[in-house]
2 protein chains.
Amino acid sequence: MAERTGEEKARLRVFREGSLDQGREEAWRALITAHAAAVERIERGLLEAGLPPLGWYDVLLELSAAPGCRLRMHELARAVVLSRSGLSRLVDRLEKAGLLRREPDPEDGRGSFAVLTNEGSRMRERMWPVYAKGIAEHFGAHVSDEEAAVLCRALGRVRDAARGS
Amino acid sequence: MAERTGEEKARLRVFREGSLDQGREEAWRALITAHAAAVERIERGLLEAGLPPLGWYDVLLELSAAPGCRLRMHELARAVVLSRSGLSRLVDRLEKAGLLRREPDPEDGRGSFAVLTNEGSRMRERMWPVYAKGIAEHFGAHVSDEEAAVLCRALGRVRDAARGS
DNA sequence: GTAAACTAGTTGCATATGCAACAATATCGC
DNA sequence: GCGATATTGTTGCATATGCAACTAGTTTAC
């Protein structure tokens, strides 16, 4: 492929400028494709089991881990990495399904809490085995203990930096 | 948090059943949140530079790396991890923007190629510096050389397994 | 104390995406 | 050969999501 040598040179130049070496570019591409492919499989598992999609689980998990099973909308949006409007609609759907309810914040008239209902808690418990099976099958099975530890640390730093905390 | 001990026990039970230990679950959660947060930042960078979104870059990159700058629709869908219908619409948009064109496959009357245009090639070159800067800033800067190598290997396996190849 | 600036959440609009159904073509079994 | 089956790509429909604009409430500056 002689026509790519010029292109390759251009790439290498940009790598230096942007401090992005080839190893990191490949790692990034592996990250986005692995994520897309694994999520697609796991979503399919949930769908086939007649369960709600992944995004619902994330919300239910964050709420059940929060003190009083409640979070302010903006905290929840941050936790699940969604825009405020996206979260507002997602909470609409969960509320309509009875899995959570909105409650005004008595200390801040602008804000409201999303509060997990018992039904939401039960749904999370129903979803978890299917989700866990998907993670184990499409992710865990291909990653060693040591690799999992490295992923956790490195991606934890990426997450914290990008989320701004 | 006394109310969570029972829940924790239930979790541990499921971990054993599904062969999913806590390290791998945490690694998975780090993966999805880091991905979401970093992609969000990078997309914002592209948007602010008046450039098309990430998905467009992926298509342009796959085409430019392919022999003859052309791929069958289903190959492209697989490469960028999108459903056939999703890809069909994405190619619609790129074609309308003049960045690629469809061509019938003379060897298979059902199929068609997506072929990169010169304009598409130029657009990819325009997008790359901004994209590379985003990757370097929101991903590369937080990952060591060794971690990048581990990510590449481990996530490469996850990708190949989930994509079925 | 009050006006200005900020923050929280929702909504209109545009865009993105998957599933199911479909039409066109190819391949397999025989 | 030829009918049954499978594959390719597109479309109708439903759902999901972000930005910008908006309302309502809070905080800051003076």
Side-chain angles (χ1 to χ4, degrees), chain A residues 32 35-37 39-59 70-97 100-115 164, chain B residues 32 35-37 39-59 70-97 100-115 164:
Chain A
I32 55 180
H35 173 272
V39 164
E40 193 261 338
R41 292 298 189 102
I42 293 172
E43 290 272 20
R44 187 174 303 269
L46 288 166
L47 183 70
E48 284 170 2
L51 292 169
L54 256 186
W56 289 37
Y57 184 85
D58 290 340
V59 169
R70 69 183 51 219
L71 282 173
R72 285 287 301 268
M73 295 292 283
H74 67 277
E75 295 173 312
L76 191 50
R78 190 183 130 81
V80 302
V81 192
L82 220 60
S83 67
R84 281 178 305 160
S85 62
L87 181 78
S88 189
R89 257 74 177 242
L90 179 53
V91 165
D92 285 348
R93 298 191 288 277
L94 285 161
E95 189 171 33
K96 179 150 37 165
L100 58 76
R101 65 176 184 280
R102 281 174 166 93
E103 260 183 33
D105 183 342
E107 314 209 332
D108 186 339
R110 297 167 301 182
S112 39
F113 286 104
V115 188
Chain B
I32 56 179
H35 173 272
V39 164
E40 192 262 338
R41 292 297 189 102
I42 293 172
E43 290 272 20
R44 186 175 302 270
L46 288 166
L47 183 69
E48 283 170 3
L51 292 169
L54 255 186
W56 289 36
Y57 184 85
D58 290 340
V59 169
R70 68 183 51 218
L71 283 173
R72 286 286 302 267
M73 295 291 285
H74 68 278
E75 295 173 312
L76 191 50
R78 191 182 129 82
V80 303
V81 193
L82 219 61
S83 68
R84 281 178 304 159
S85 61
L87 181 78
S88 190
R89 258 74 178 245
L90 179 53
V91 166
D92 284 348
R93 298 191 288 276
L94 285 161
E95 189 171 32
K96 179 151 33 164
L100 58 76
R101 64 177 184 279
R102 282 174 167 91
E103 260 183 34
D105 183 343
E107 315 209 332
D108 186 339
R110 296 168 300 182
S112 39
F113 286 103
V115 188

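Letters go in sequence order (proteins before strands), and every chain restarts at 1. Note that the structure is a prediction, hence the values are computed from the model and not measured.
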Most 5' of Trp56(A) and Gly109(A) on DNA chain D, judged by nearest nucleotide: Trp56(A)
Distance-only donor-acceptor test (3.5 Å): side chain Arg84(B), base dG9(D): yes
Contact under 4.0 Å: Arg72(A) side-chain N or O vs dG9(C) OP1/OP2: yes
Earlier contact from the 5' end, DNA chain C, for Gly111(A) and Ser85(A): Gly111(A)
Sole residue of Val91(A), Val115(A), Leu71(A) in side chain to side chain contact (heavy atoms under 4.5 Å, CB included) with Leu100(A): Val91(A)
Nucleic acid contacts of residues 87-96 of chain A, taken as heavy-atom distances under 4.0 Å to DNA chain D: Arg89(A), Arg93(A)
Spacing of Glu43(B) atom CD relative to dA16(C) atom C1', expressed in whole Å: 11 Å
Any donor-acceptor pair under 3.5 Å from Glu43(A) side chain to Pro53(A) backbone: no
N or O in side chain of Arg110(A) less than 4.0 angstrom from dT27(D) OP1/OP2: no
Separation of atom CG in Leu82(B) from atom P in dC19(C), rounded to whole Å: 11 Å
Sugar-phosphate, base or nothing in reach of Asp108(B), heavy atoms under 4.0 Å: sugar-phosphate
Test side-chain contact (heavy atoms from CB on, under 4.5 Å) applied to Asp58(B) and Ile32(A), step by step: CA-CA 10 Å; Asp58(B) 290 340; Ile32(A) 55 180; 4.3 Å; yes
Under 4.0 angstrom between His74(A) side-chain N/O and dT7(C) OP1 or OP2: no
Leu82(A) side chain near Val59(A) side chain, heavy-atom distance below 4.5 Å: no
Phe113(B) CZ - dT10(D) P separation (whole Å): 13 Å
